[in-house]
Amino acid sequence: MAEEDSVGEGYAEIVVVRHGETSWNAQRKIQGHLDVELNDAGRQQAEKVAERLSKEPKVSYVYSSDLKRAFETAQIIAAKCGKLEVLTDPDLRERHLGDMQGLVYQEASKLRPEAYKAFSSNRTDVDIPGGGESLDKLYDRCTSALQRIGDKHQGERVVVVTHGGVIRSLYERARPSARKVEKILNTSVNVFRLFDGDKWTIQVWGDVSHLDQTGFLQSGFGGDRTSG
């Protein structure tokens, strides 16, 4: 597999992982910047992905969003991959979803129609009422964060634990002409290579083979357009 290759000097290999499941993911509640912890299934998913990554080429550093669901996932990975410290970066947070946050997805259009309209817009420059971000702001924030990490770690393999909306933006940066992706499953593994000169490639996408036998391969809600 491509992810088994050793890391070359001309690029950083960044293993981008979505956090484990939360009770809000399971209930189809919109999280955004709200700080929800992993549930038991999410912790077990994190253990599985940590075990997988510990058997792959050496991880030098672990970065994470500072939201609990990502940070806890990252801590479990870091402990298994050589007792590493987790470095947090708020620029790796999920998209701020404004007045949509805390609502059950199916009720959002009735309870917050203006926010829902902005959220559902095909335009990428529309902010969500209630302090929410446009897709353009999310894209600029999280792609800049990953580029900073890539620039710092040429020739190394690092793990970044983040959120569904962020991972979709990173995919768009690497494959701007590809069809947009919807579902990003909990603890899915996505391997990016960031080369000198700002070139990004994707080596592995959406791999959840570590969950195949666990019974924890959930619907992935929260990693689709609702972000989580």
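Along the sequence shown, residues carry numbers from 1.
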Exercise. State, with a plain yes or no, whether a side-chain heavy atom of Val15 is found less than 4.5 Å away from one of Leu53.
Key: yes

Exercise. Applying side-chain hydrogen bond (donor to acceptor under 3.5 Å, both in side chains), name anything that partners Asp140, two or more places apart in sequence or on another chain.
Key: none

Quiz item: Got Thr187 and His19 here, is their nearest side-chain heavy-atom distance under 4.5 Å?
Solution: no

Self-check item: Whether Phe192 and Trp200 hold their rings parallel, tilted or perpendicular, with breakpoints at 30° and 60°
Solution: perpendicular

Exercise. State, yes or no, whether a side-chain contact exists between Tyr105 and Lys29 at a heavy-atom distance under 4.5 Å.
Key: no

Self-check item: Spacing of CZ belonging to Arg168 relative to OH belonging to Tyr139, to within rounding of 0.5 Å
Solution: 14.5 Å

Self-check item: Gap between atom NZ of Lys137 and atom OG1 of Thr124 - 0.5 Å precision
Solution: 11.5 Å

Quiz item: Once you round to the nearest 0.5 Å, how far does SG of Cys81 lie from NZ of Lys55?
Solution: 11.5 Å

Quiz item: Side chains of Asp40 and Gln44: is there a donor and an acceptor less than 3.5 Å apart?
Solution: no

Quiz item: Should Glu107 and Arg112 count as an ion pair when the cut-off is N to O under 4.0 Å?
Solution: no

Exercise. Return yes if a side-chain donor-acceptor contact under 3.5 Å exists between Gln203 and Thr201, otherwise no.
Key: yes

Quiz item: If you measure from CG on Asp35 to CG on Leu67, what distance do you get to the nearest 0.5 Å?
Solution: 5.0 Å

Quiz item: Are the aromatic ring centres of His153 and Tyr11 under 6.0 angstrom apart?
Solution: no

Quiz item: Which value, rounded to the nearest 0.5 Å, describes the distance between Arg52 atom CZ and Glu47 atom CD?
Solution: 15.5 Å

Quiz prompt | For the student: nearest non-hydrogen atoms of Leu84 and Ser60, plus distance | solution = CD2-O, 3.8 Å

Self-check item: Electrostatic pair Glu72:Arg43 at N-O distance under 4.0 angstrom
Solution: yes

